[in-house]
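The next block holds one structure in the form of structure tokens; read it before the comments.
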Amino acid sequence: MSSSTTPTYCQYPALLAARRVLFAWPRYSRDNRWYRGEVKRTWHDKYHIFFLDYGNEDKAVPSDMVKTIPSHFLQVPFQAVHCSLADIAPTAADSWGPAELAKLADLTEDEEMYMDILQADLADGQVLVRLYYASDEEPLVEVLCREGVGLNQAHLDSQHLF
């Protein structure tokens with residue numbers, strides 16, 4: 001990168017083919033501000049970006065909205081932490097399908113929520129949490145079960161005690 005403080009637009013497809021972790025400076029489509037991100041994949045002139053400090057994704061960022069990140073922005077630890085939701089299991093398979101993940105996003109996006117941390121091992125990146133809606137303190141797990149998205153794992157475990 002040049003000594004100029006203006007970042008250059010980046011071209012990542014060749015580097016992604018080499019399976020390298022690529023950090024970028026994408027502009028988020030909702031507020032038009034620049035954030036730290038990781039390029040997950042690219043196609044044509046669009047990028048799938050994971051925002052490192054918020055944990056959200058934008059799957060179709062135009063190439064003219066992605067710049068090479070200045071290296072000093074990578075000195076600060078990333079703020080997003082990967083979490084697993086406690087007390088819930090998929091209804092039909094060993095993993096969550098696209099429909100279940102879309103419903104989870106619908107039920108939580110733009111919602112103010114509280115979180116209880118049940119177990120945290122940051123060295124391994126394992127954080128187990130419970131989420132509650134701030135408006136009425138209803139557990140997210142209960143809503144997911146009522147909506148048919150998942151099974152209450154705590155209830156299932158209690159049925160298998162004997």
Open item on the list: Test of understanding: clusters of I, L, V, M, F, W, Y form through side-chain heavy atoms closer than 4.5 Å, transitively. Do Ile88 and Met115 belong to the same one?
Closed with: yes
Task: Approximate separation, where rounding is to 0.5 Å, of Leu131 CG and Leu104 CG - done: 8.5 Å
- [ ] For residues 42-54, pull every pair meeting salt bridge (charged side-chain N to carboxylate O under 4.0 Å, His left out), keeping only residues two or more places apart or in separate chains.
- [x] Arg36-Asp53
Task: Heavy-atom closest pair, residues Asp58 and Ser29 - done: OD2-OG, 3.0 Å
TODO: Examine distances only and state if a side-chain atom of Glu100 and a backbone atom of Gly97 form a donor-acceptor pair shorter than 3.5 Å.
DONE: yes
TODO: Identify the heavy atoms of Ala80 and Gly55 that sit nearest to each other, and give their distance.
DONE: CB-N, 3.5 Å
TODO: May I ask you to test the Pro26-Phe51 pair for a side-chain heavy-atom distance under 4.5 Å?
DONE: yes
Task: Considering all heavy atoms, the nearest Gly37-Ile49 contact - done: CA-CG2, 4.0 Å
Open item on the list: My understanding is that only residues two or more places apart in sequence, or in another chain, count here; which of them pass salt bridge (Lys or Arg N to Asp or Glu O under 4.0 Å) with Glu147?
Closed with: Lys103
TODO: Give, for atom NZ of Lys59 and atom NZ of Lys40, the distance between the pair rounded to the nearest 0.5 Å.
DONE: 11.5 Å
TODO: Give, for atom CD of Glu111 and atom OG of Ser135, the distance between the pair rounded to the nearest 0.5 Å.
DONE: 6.5 Å
Task: From Glu142 atom CD to Asn152 atom CG, the distance as rounded to the nearest 0.5 Å - done: 7.5 Å
Task: Side chain proximity check, His48 to Val39, heavy atoms < 4.5 angstrom - done: no
TODO: Using a 4.5 Å cut-off on heavy atoms from C-beta on, say whether the side chain of Val127 contacts that of Gln119.
DONE: no
Open item on the list: Determine whether the aromatic ring centres of residues Phe50 and Tyr35 are separated by less than 6.0 angstrom.
Closed with: no
Open item on the list: Just to verify, what does Arg30 make a side chain to side chain donor-acceptor pair (under 3.5 Å) with, not counting sequence neighbours?
Closed with: Glu109
- [ ] Of all the heavy-atom pairs spanning Ala24 and Val66, show the shortest one and how long it is.
- [x] CB-CG1, 3.7 Å
Task: side chain to side chain donor-acceptor pair (under 3.5 Å) against Asn32, all qualifying residues, sequence neighbours excluded - done: none
Review item, side-chain donor-acceptor pairs of residues 69-76, under 3.5 Å, at least two apart:
none

Open item on the list: Run the ring-ring contact (aromatic ring centres under 6.0 Å, His included) test against Tyr133 and tell me which residues pass, sequence neighbours left out.
Closed with: none
Open item on the list: Quick check on the hydrophobic clustering: are Met113 and Leu85 connected, directly or via other members, by side-chain heavy-atom contacts under 4.5 Å?
Closed with: yes
- [ ] Kindly work out whether a path of hydrophobic side-chain contacts (I/L/V/M/F/W/Y, heavy atoms less than 4.5 Å apart) joins Leu140 to Tyr114.
- [x] no
TODO: State yes or no: do Val81 and Leu118 share one hydrophobic cluster built from I, L, V, M, F, W and Y residues joined by side-chain heavy-atom distances below 4.5 Å, directly or via other members?
DONE: no
Open item on the list: Does any part of the side chain of Arg33, heavy atoms only, come nearer than 4.5 Å to the side chain of Tyr28, both counted from C-beta?
Closed with: no
- [ ] Show your working on ring-ring contact (aromatic ring centres under 6.0 Å, His included) between Phe23 and Phe78 and close with a plain yes or no.
- [x] CA-CA 11 Å; Phe23 299 110; Phe78 306 138; 5.4 Å; yes
Open item on the list: Within the structure provided, determine whether Leu128 and Ile117 are in side-chain contact (heavy-atom separation under 4.5 Å).
Closed with: no
TODO: Would you kindly confirm whether Tyr132 and Val149 end up in one hydrophobic cluster when ILVMFWY residues are joined by side chain heavy atoms under 4.5 Å apart?
DONE: no
